[in-house]
Each structure stands twice: as structure tokens, then as C-alpha cells.
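A note on names: the letters A, B, ... follow the listed sequences, proteins ahead of strands, and every chain is numbered from 1. If you're wondering where the values come from, they're calculated on a predicted model, not measured in any experiment.
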Amino acid sequence: MKLLIVESPAKARKIQSYLGSGWQVRACLGHVRDLPTKGDTLPDKYKDASFAQLGVDVNNNYTPIYVARKDKAQTIKDLKALAKSAEAVYLAADPDREGESIAWHLSVLLGLGKDAQRVTYQEITERAIRQAVASPRTIDFHLVAAQETRRVLDRLAGYGVSPLLWKAVGGPQSAGRVQSAALMLLAQREQSRLRFVPSAFWRVGVMVESQPPFSAVVSALKDIPLATAASFTATGALKSELNVAQLDAEKAKQLVAYLDRQQAVVRDVTVSPVVRRPPPPLTTSGLQQAANAKLKFGAAQVTKLAQALYEAGLITYIRTDSPHLSDEAMTLAREAVATRFGPDALPREGRQYATRNKDAQEAHEAIRPAGKFVAPEQSGLSGDELALYRLVYDRTLASQMRDAVGSKTAVTLQAGQVTLSASGVVLNEKGFTALYDDQDKNDEEQRLPALKIGDRFPLKDAKAEEKKSSPPGRFTEGKFVQVMEKAGIGRPSTYGATLETLQRRQYVALKNRQLHVTPLGLLIASYLMKQVPQLVNAEFTAQMESDLDLIASGKLGRVAYLDRIWKGTLDPAIHAAQLTAPRFELPHVGAVLEVRGGVAGLVKDGKGLALPEGVLPEDLTEPVVTALLSGTFKAPAAQKSPTAKRPAKAAKAAKEPKTTPAPRRKRKGAGA
DNA sequence: CAGTGAGCGAGCTTCCGCTTGACTT
């Protein structure tokens with residue numbers, strides 16, 4: 001009997017069916033050994049080591065301590081027994097950095113020695129698998145070194161910087177290469193929103209009475225363009241390089257009265273072609289974004305539903321960064337399109353999509369229907385599962401369909417000294433949009449009639465409305481997963497976990513499906529930015545990835561790299577870091593955020609208090625700050641309070657007149 | 001003397017990435 005070890009049980013079942021008797025195909029369920037965490041029993045030689053808790057001997061070539069993972073004890077036991085009786089063992093973990101490491105750890109645990117047989121393949125077909133097991137190679141120790149470098153760096157950074165927060169902030173805080181970089185991106189967006197000064201301007205719209213009628217807006221007066229939202233800076237000033245005029249209420253009113261009696265002449269018509277390509281097949285981040293935008297599912301919900309579809313054999317593996325379709329899948333997708341929309345819906349050649357992400361490891365295919373491409377209505381699914389499966393199905397089919405083709409028309413009309421503009425899009429060939437439209441519903445454009453220069457039309461229904469320039473928007477979970485992927489922060493298997501960590505630590509909170517940074521999150525981010533800027537720099541991970549590539553190709557030594565990053569950069573910064581509690585200025589309300597005992601508080605004019613849970617930076621307006629400091633603030637959402645279990649005490653606290661709102665943690669919050 | 005509360009000190013917290021059941025509430 002020959003033993004083949006892969007990572008996932010679903011894969012194991014599939015491959016077992018190809019290889020048949022004479023083979024045992026088993027799953028190791030991911031990593032089997034890791035650096036120790038609290039509660040792990042260490043090998044005797046490390047029991048009393050000074051670095052036992054860190055798990056890395058920094059002064060001895062960054063040698064890691066590896067222990068078998070407790071959650072894999074049974075798996076390891078089973079694999080050991082099978083390996084003992086097998087005539088040969090093949091290590092077929094995924095073909096990427098982490099997979100190579102898993103193969104090596106397995107070879108150590110199973111006592112396979114240096115000549116352990118490593119097997120990789122790019123797709124799961126019988127031919128590819130048979131070819132792979134016929135030509136095993138040895139383990140690539142450069143690639144293993146690259147993974148070990150990544151693992152050690154993350155441990156050193158995480159366990160090195162987190163204690164700074166315990167001392168400076170208090171409470172069970174955490175920092176790390178991924179979570180802190182992600183927090184920083186969110187905090188920067190929140191800060192630019194806090195600093196943003198909105199500008200008001202007026203916009204006048206009017207109906208042009210052609211057949212059919214269409215709507216136009218006043219775009220210029222006496223040939224001087226009017227200000228739009230894009231004309232203002234973040235501080236509320238008109239961009240100086242633009243020569244634009246700003247409508248006020250009075251002028252807007254005059255314009256409305258004037259336009260209602262006017263006729264407009266078409267001055268210019270520009271028609272340009274529009275070609276929209278279908279979106280690529282789904283990756284982990286693409287699924288998060290699409291399910292969030294189209295189905296309003298949260299990140300954790302998408303993962304749970306997708307996992308269920310994967311286990312039911314309906315879709316392929318759900319943690320991937322590749323939009324690639326196998327030849328077989330492409331054929332099935334094209335057949336499904338032809339059946340439903342006719343052969344003309346397909347371009348001559350199948351469409352293959354390249355990843356845009358240079359850090360992608362591409363160990364898996366795109367997320368697509370597995371097997372025979374069961375149509376959604378025949379899947380036997382219902383509810384949210386059906387909705388998510390339909391999304392995967394439609395996106396896969398759409399990726400193979402023709403472009404949507406049409407034209408965009410821009411029209412300029414003149415009424416006296418007033419210039420009007422309108423635009424419209426017409427799709428002549430719907431292409432993939434017949435199945436899947438990725439356009440935002442709000443962006444839908446009107447259809448314009450055929451127009452010639454010199455045409456005259458009466459105007460009707462002029463209306464003025466006041467508009468405000470708006471700050472950069474917050475992220476939904478789905479959008480932010482895409483932001484993380486683009487920045488190279490985290491991996492498909494961790495995007496969701498990172499969002500959960502940030503929320504569990506109460507650095508980030510979801511409100512109306514938007515990610516908000518909490519006051520505590522703002523304080524932590526600004527502290528890290530000041531004390532260990534290297535860690536939170538968005539470039540750090542991207543640079544790390546290219547250095548790991550050098551290590552994987554043998555061009556850079558693992559110790560040399562870790563010396564540069566740890567001894568040369570992070571460790572000195574950690575030693576030099578100030579351990580004073582961070583502060584965050586809120587100039588718009590003349591107050592300062594502070595933190596005591598892990599709880600964010602507000603200080604103004606020498607008075608201070610702990611912020612009640614659930615208060616977000618955007619809530620801290622002048623009246624709220626005043627109410628908070630005078631004790632008249634009422635918490636927005638009725639949340640389950642830990643004091644509810646002790647009714648006598650809670651009642652007593654409520655009767656006392658000048659009690660500050662109680663923080664939910666043990667220690668007392670910020671004071672004056 | 002029992003109960004309360006201020007004040008003090010000891011002990012604790014943590015990373016990222018790979019993969020699913022086996023647990024409890």
C-alpha cells in the first residue's frame with residue numbers, strides 16, 4: 001500500500017477515486033507542527049530556555065522550537081500508523097510556500113528523512129495526478145526556509161510589539177504584521193473623514209422636452225464651469241487651479257426661474273463607443289466583495305456558506321487567489337452558456353484571466369461550480385446557500401461570455417448664457433450583462449434620444465438642490481478584503497480571521513455594514529505609527545514578499561534577512577519605544593482621546609471620563625461631548641450589560657446622581 | 001463583628017497561516 005498525504009479531506013476523497021486500490025489517500029488538515037503557544041509542553045532541551053515562550057532562539061540563527069499541534073494529535077497519530085505500514089509515502093501538500101513547509105514537517109514527524117518524496121500538481125484530474133505521483137522530487141529546502149522566515153518574523157513582530165501595548169494601553173491588546181497594517185489603513189480613512197470639511201454647493205437640473213424627454217444639469221454660466229463635489233479640497237476650499245464658479249442659493253433660485261421659460265439649443269453631441277468586459281471568475285476576495293455588495297452577506301457568513309457548498313461538492317476550494325479556470329471547467333462553463341443563451345453569446349476562444357496580484361501563490365483554481373456545473377435551480381439548495389451558489393455559478397458563466405458593447409453619448413445644450421450637460425449610455429449588445437451585471441444600480445444612466453446640433457427643445461421642471469461634498473467613504477467588509485488583497489496584507493485563508501480579530505479586540509466595529517474604527521482603535525493605531533512605524537507601513541508586507549522570494553530561490557539567506565528586519569529594525573524600535581499611554585487629538589470638539597486600563601476615554605478642559613461602549617469617533621460631536629462630560633449622555637444602543645447579573649448593584653449605581661457611565665472592563669477608565 | 005470599599009500587588013494578555021470536525025452552551 002502506498003500512502004499519499006494531501007491537505008484537505010475533500011481533495012483526498014477525489015484523488016482516492018482516481019488512484020484506486022493500492023493507495024491510501026489521507027488529509028493532514030493543514031499545518032501539523034508550529035511554534036509553541038501557551039500551554040504547549042516543550043521538548044526537554046528547551047524547558048528552561050530564556051526564549052521558551054517566544055519559541056525562537058534569536059541569538060542562535062533564529063532557530064525555531066517546533067511542537068506538534070495539539071489540535072492535530074489524532075491526525076498525526078493516524079498518519080504515523082499508516083506511514084509505518086506503507087511501502088512508500090508521498091507528500092502532496094499544496095504547491096506553495098506553506099504547502100512545502102507542511103510537507104517538510106510531515107517528513108520529520110513521520111521519520112521519512114531527507115529523501116522524502118514530494119509531489120505537486122496544478123489541477124485535480126486523473127491524468128495530472130498519475131503524472132505527479134510518477135515523478136516525485138525531494139523537498140525544496142529553500143522554499144521551506146522562506147516559509148520559516150515568514151513564520152518567525154510574524155512571531156517576533158507579534159510577540160515583540162504586543163507587550164508594548166499591554167504596558168502603554170493596558171488590557172489584552174495585540175499587534176501584528178497583518179492586523180496592525182489593516183488597522184492602520186482603516187484608521188487613516190477614519191482620520192481623513194474626521195478632518196474632512198464638507199462644502200455646500202447648489203446644483204440645478206432641468207428636463208429637456210425632446211421625444212422622449214431627458215434630464216440635464218446646468219454645467220456652466222457664461223462659459224465658466226460650475227463647481228461640483230470634485231471641485232473642493234478635503235479642507236472645504238475650492239481647488240485653486242480650477243477656474244470654476246460656485247452657485248449659492250440665491251443664484252440657483254434665479255436660474256430656476258429663468259430656465260423654466262427658456263428653450264435650449266443642442267450645441268454639441270459626442271458619441272463614443274463603450275466596451276465592458278465581464279468580471280473574472282471569483283477568488284476568495286472577489287467572492288467576499290460580490291456577496292457583500294449583491295447579497296448583503298457579512299464576511300463570516302460568506303465563509304460559512306461557501307464552506308458548506310464546498311463540502312457538499314458543489315463548488316471548488318474557497319481559499320484561493322487565482323482566477324484561473326481549468327480547461328475542463330472552461331468547457332463546461334461555455335457549454336452552459338451556449339445551452340442557455342445560444343452559441344452566439346460566446347466569443348470564439350475561451351477567456352482565461354490572469355491574476356492582478358503579484359503576491360498571489362496560485363495553488364488553487366478560481367472558486368467555481370465543481371464537477372458537472374449543476375444549474376442553481378437543480379442544486380436542491382434554498383435560501384442563502386442557493387443565493388451564494390447562484391452567484392458563483394453566474395460569475396463563472398459570465399466570465400466566458402461576450403463583452404457588453406454600446407455607446408456613450410454626451411450632449412451640451414445652450415440656453416442664453418446657461419450651458420446644460422447630459423449624458424447617457426446605450427448597450428446595443430448586452431453580452432455578459434444579460435446574466436450578471438456588476439454595475440451599481442445607482443450609476444445607471446439614462447437613455448438619450450438621437451440628437452443633432454441645432455435641435456431646439458423647450459425646458460421644463462427646473463429644480464435646484466443643495467449638495468455637499470462628501471469625505472472618502474468607509475469600507476464594507478467585502479470591500480476591505482479587496483483592499484487587503486491589493487495591499488498584499490494577509491492571505492485568502494486569513495482575511496476573515498483578521499477582520500474578526502480587529503472586532504474582537506474592539507479596534508473596529510461594524511455599523512450599518514460599514515467598518516468603523518473605534519476610539520480605542522484610533523489610539524492604538526496612532527501609538528503604533530509613532531513607536532513602530534516600520535510594522536504598520538503598508539509597504540512592509542509587500543517588501544517582505546519579494547525578500548521571501550529571494551530566500552525561496554536561494555539568493556538571500558534566511559538569517560541575513562531576519563537580522564536586517566529584527567536586529568536592524570524592529571527590535572531597536574521596540575526598545576526605544578515610549579510606554580506612555582497614547583493620546584489622540586479631536587480638534588473639531590476641542591477634546592482629546594486617552595486610554596486607561598485598556599478603555600478609551602475623553603478629556604476636555606481638565607474633565608475626563610471613560611467612553612461608554614459603542615460610542616464611535618463619528619458620534620463625538622459637540623453636543624455629545626457636552627452631554628458626556630455633564631453626565632446626561634444616554635448610550636445609543638441598549639446592550640447586554642455584565643451588571644445585569646447583579647441587579648442590586650446595578651440598581652444602586654443607577655440611583656447615584658453623578659455616576660459616570662460604567663466601563664465594561666474591570667479597571668477604572670480615564671479620569672481628569 | 002460583619003460587611004464594604006480603597007488601595008495595592010500579582011498574574012495575565014500576544015503573532016500568521018494551513019485545514020476541518022469535535023467539542024460545549
Hits for side chain to side chain donor-acceptor pair (under 3.5 Å) against Asp40(A), two or more places apart or cross-chain, chain-then-number order -> Thr37(A)
Item checked: Phosphate contact (dC15(B) OP1 or OP2) by Ser174(A) side-chain N/O below 4.0 Å -> yes
Contacts satisfying salt bridge (Lys or Arg N to Asp or Glu O under 4.0 Å) that involve residues 160-186 of chain A (not counting sequence neighbours) are Asp154(A)-Arg177(A)
Between NE2 of His364(A) and P of dT19(B) the distance, given in whole Å, is 5 Å
* Asked: Can you tell me if the side-chain N/O atoms of Lys38(A) get under 4.0 Å from OP1 or OP2 in dT13(B)?
  -> yes
Here the distance between atom C1' of dT19(B) and atom CG of Leu79(A), to the nearest Å, is 13 Å
Atom CG of Asp321(A) and atom P of dG17(B) are separated, to the nearest Å, by 12 Å
Answer yes or no: does a side-chain N or O of Thr494(A) lie under 4.0 Å from OP1 or OP2 of dG17(B)? yes
Trp23(A) meets the ring pair (Phe, Tyr, Trp, His ring centres under 6.0 Å) criterion, sequence neighbours left out, with Tyr90(A)
TODO: Give a yes or no answer on whether the side chain of Thr569(A) reaches the backbone of Trp566(A) with a donor-acceptor pair at less than 3.5 Å.
DONE: no
Lys11(A) meets the salt bridge (charged side-chain N to carboxylate O under 4.0 Å, His left out) criterion, sequence neighbours left out, with Asp94(A)
Protein-nucleotides 20-23 of chain B N/O pairs under 3.5 Å:
| residue | atom | partner | partner atom | Å |
| --- | --- | --- | --- | --- |
| dT20(B) | OP1 | Ser8(A) | OG | 3.0 |
| dT20(B) | OP1 | Tyr310(A) | OH | 3.2 |
| dT20(B) | OP2 | Arg319(A) | NH2 | 3.0 |

For this session: Return yes if some donor-acceptor pair links the side-chain N/O of Asn292(A) with the main-chain N/O of Phe297(A) below 3.5 Å, else return no.
Result: yes
Q.
Whether the side chain of Arg491(A) and the base of dC18(B) hold a donor-acceptor pair under 3.5 Å is what I'd like checked.
A. no
Encoded 5' to 3' (Watson-Crick or G-U under 3.5 Å; [ ] crossing; | other strand), DNA chain B becomes .........................
The salt bridge (charged side-chain N to carboxylate O under 4.0 Å, His left out) partners of Lys80(A) (sequence neighbours excluded) come to none
Mind checking if Ser101(A) touches a base, just sugar-phosphate, or nothing, with heavy atoms under 4.0 Å? nothing
Rounded to whole Å, CD1 of Ile489(A) lies from P of dC16(B) at a distance of 11 Å
For Tyr310(A), the ring pair (Phe, Tyr, Trp, His ring centres under 6.0 Å) test, sequence neighbours excluded, returns Tyr317(A)
Spell out, as yes or no, whether a donor-acceptor pair under 3.5 Å connects the side chain of Thr320(A) to the backbone of Glu365(A). yes
Tyr495(A) atom OH is separated from dG17(B) atom C1', nearest whole Å, by 12 Å
Residue set satisfying side chain to side chain contact (heavy atoms under 4.5 Å, CB included) with Ala83(A), at least two apart, ordered chain then number -> Leu3(A), Val89(A), Leu110(A)
Notebook entry, point to check: Which part of the nucleic acid, if any, lies within contact of Arg69(A), taking any heavy atom under 4.0 Å across all strands shown: a base, the sugar-phosphate backbone alone, or nothing?
Noted result: base
* Asked: Which part of the nucleic acid, if any, lies within reach of Glu100(A) when heavy atoms closer than 4.0 Å are counted: base, sugar-phosphate only, or nothing?
  -> nothing
Note to self: Donor-acceptor check, side chain of Lys70(A) to backbone of Gly39(A), threshold 3.5 angstrom: yes or no?
What the structure shows: yes
Gln53(A) CD to dC15(B) P, in whole Å, measures 13 Å
Rounded to whole Å, the CG-C1' distance (Leu502(A) to dT14(B)) equals 14 Å
Residue set satisfying side chain to side chain donor-acceptor pair (under 3.5 Å) with Gln531(A), at least two apart, ordered chain then number -> none
### Task
Check whether any side-chain N or O of Arg505(A) sits under 4.0 Å from OP1 or OP2 of dC15(B), and answer yes or no.
yes
Hey, does the side chain of Gln179(A) come within less than 4.0 Å of dC15(B)'s phosphate (OP1/OP2), counting only N and O?
yes
What is the nucleic acid contact for Ala175(A), judged by heavy atoms within less than 4.0 Å: base, sugar-phosphate only, or nothing?
sugar-phosphate
When all nucleic acid strands are considered with a 4.0 Å heavy-atom cut-off, which category describes Gly30(A): base, sugar-phosphate, or nothing? base
Contacts of Phe475(A) meeting ring pair (Phe, Tyr, Trp, His ring centres under 6.0 Å) (sequence neighbours excluded), chain-then-number -> Phe480(A)
Leu535(A) atom CG is separated from dT14(B) atom P, nearest whole Å, by 17 Å
Looking only at dT19(B), dG17(B), dC15(B), the nucleotide nearest the Asp94(A) side chain is dT19(B)
Practice prompt. Would you classify Gly99(A) as touching base, sugar-phosphate or nothing, given that sugar-phosphate means primed atoms plus P, OP1 and OP2, and contacts are heavy atoms under 4.0 Å?
Written response: nothing
Ordered by number, residues from residues 151-166 of chain A within less than 4.0 Å of DNA chain B (heavy atoms) are Arg151(A), Asp154(A), Arg155(A), Gly158(A), Tyr159(A), Ser162(A), Pro163(A), Trp166(A)
